[in-house]
Amino acid sequence: MGYSIAVDGPAGAGKSTIARRIAKQLGCIYVDTGAMYRAMALFLIREGVSATDAEAISRKCQEADISIRYENGEQVVLLNGENVNGLIRTEEVGNMASASSPNPAVRKKLVSLQQRLAKTSDVIMDGRDIGTCVLPDATVKIYLTASVRVRAMRRYQEHIAKGETCDLATIEADIAKRDHQDMTRENSPLMQAEDAVLVDSSELDIDGVVSEIIRICRQKGIGA
Ligand code: DC
């Protein structure tokens, strides 16, 4: 029997870093669903669609063919056949992804792709609605979070390490705003599934979080 691990939580909680590490350790596939929403956002930007034009988003998103493949264990997102991994991590794309991801037509398309992937392989999948909507029967559900302050500090340090200047208070305000948007939207809001295990990474380092989640997986017979 195959298994699936759902990891949900707010932006900056460390979901992708943690999920990637766990995938390596367990030998399963890591599915980054945020990257799919970002690829769709890139398509909409290129098509000149406005973030506030819901009708145009619903119509245009039908023209985007998004798929993924794996190269050396890394997820590559293809937008109409083009590898867009290097183009989707910008602030502009992130903002468009945040604005377009609540659209029901966008979600329907990407959720069905995610569900197909989980049917064909053992997966660890991260996002906002994996345990609640995409994989309601996931073998293990984790809700990974950390305080706004800690998440802001981590992002701040990432920018500083890259030699960029930034302001901690602004980052903290952005994160709080994004949380509010993700948690209060009408369609698939971010929330902890009833049967999800809460893991708070505020006081844990990466190794600490990985070993905690591996322990939870073992209890469910994964990687035992
Ligand atoms: O995790 P991320 O920052 O790459 O996600 C980009 C955007 O996509 C974010 O605003 C939330 C949205 N998203 C979503 O609505 N559902 C998911 N399963 C994953 C991401």
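For ligands, and for the atoms within them, numbers begin at 1 and follow the listed sequence.
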K.L.:
Starting from the C-alpha separation in whole Å, work towards a yes-or-no answer on salt bridge (charged side-chain N to carboxylate O under 4.0 Å, His left out) for D8 and R128.
P.N.:
CA-CA 5 Å; D8 291 300; R128 304 293 191 284; over 6 Å; no

K.L.:
I'd like to know if R155 pairs up with D174 as an ion pair, taking the criterion as any Lys NZ or Arg NE/NH1/NH2 lying under 4.0 Å from an Asp or Glu carboxylate oxygen.
P.N.:
no

K.L.:
Any Lys/Arg nitrogen of E172 or R151 sitting under 4.0 Å from an Asp/Glu carboxylate oxygen of the other?
P.N.:
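No, E172 and R151 are not salt-bridged.
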
K.L.:
To check your reading of the model: name the closest protein heavy atom to atom 1 (O) of ligand 1, its residue, and the distance in Å.
P.N.:
R128 NH1, 3.0 Å

K.L.:
S201 pairs by side chain to side chain donor-acceptor pair (under 3.5 Å) with which of E212, R154, K15?
P.N.:
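That would be R154; it is the only one of E212, R154, K15 passing the side chain to side chain donor-acceptor pair (under 3.5 Å) with S201.
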
K.L.:
Could you tell me whether ligand 1 has any atom less than 4.0 Å away from a heavy atom of M96?
P.N.:
no

K.L.:
May I ask you to check whether Y37 has an N/O atom sitting below 3.5 Å from an N/O atom of ligand 1?
P.N.:
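The answer is no, given that Y37 and ligand 1 share no N or O pair closer than 3.5 Å.
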
K.L.:
Can you sort out the partners of V197 under side chain to side chain contact (heavy atoms under 4.5 Å, CB included), two or more places apart, ordered by chain and number?
P.N.:
I142, I216

K.L.:
How does R178 reach ligand 1, if at all, at less than 4.0 Å between non-hydrogen atoms: by side chain, backbone, both, or neither?
P.N.:
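Side chain only; the backbone of R178 stays clear of ligand 1.
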
K.L.:
Looking only at non-hydrogen atoms, find the nearest pair between A41 and V93 and report the distance.
P.N.:
CB-O, 3.7 Å

K.L.:
Would you please say whether a donor-acceptor pair under 3.5 Å links the side chains of D167 and Y156?
P.N.:
no

K.L.:
Numbering the atoms of ligand 1 from 1, which are under 4.0 Å from a heavy atom of T33?
P.N.:
17 (C), 18 (N), 19 (C)

K.L.:
Students should be able to answer this: which protein heavy-atom is nearest to atom 16 (N) of ligand 1, and at what distance?
P.N.:
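Residue, atom and distance for the closest contact: R107 NH2, 3.1 Å.
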
K.L.:
Is the contact between Q114 and ligand 1 made by the side chain, the backbone, both, or neither, using heavy atoms and a 4.0 Å cut-off?
P.N.:
neither

K.L.:
Evaluating non-hydrogen atoms only, which member of N103, L110, D129, D182 is closest to atom 18 (N) of ligand 1?
P.N.:
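It is D129 whose heavy atom sits nearest to atom 18 (N) of ligand 1.
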
K.L.:
With sequence neighbours left out, write down each residue that passes side chain to side chain contact (heavy atoms under 4.5 Å, CB included) with I222, or none if nothing qualifies.
P.N.:
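Here the qualifying residues are Y3, I5, L26, T139, V140, C217.
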
K.L.:
For atom 12 (C) of ligand 1, which protein heavy atom lies nearest, and how many Å away is it?
P.N.:
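Going atom by atom, the protein heavy atom closest to atom 12 (C) of ligand 1 ends up being S101 OG, 3.5 Å.
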
K.L.:
Closest non-hydrogen protein atom to atom 7 (C) of ligand 1, residue and atom name please, with distance?
P.N.:
A97 CB, 3.8 Å

K.L.:
Taking heavy atoms and a distance under 4.0 Å, where does S98 meet ligand 1: side chain, backbone, both or neither?
P.N.:
both

K.L.:
Out of K15, R38, M40, whose heavy atom sits nearest atom 2 (P) of ligand 1?
P.N.:
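Checking each option, the heavy atom nearest atom 2 (P) of ligand 1 is found in R38.
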
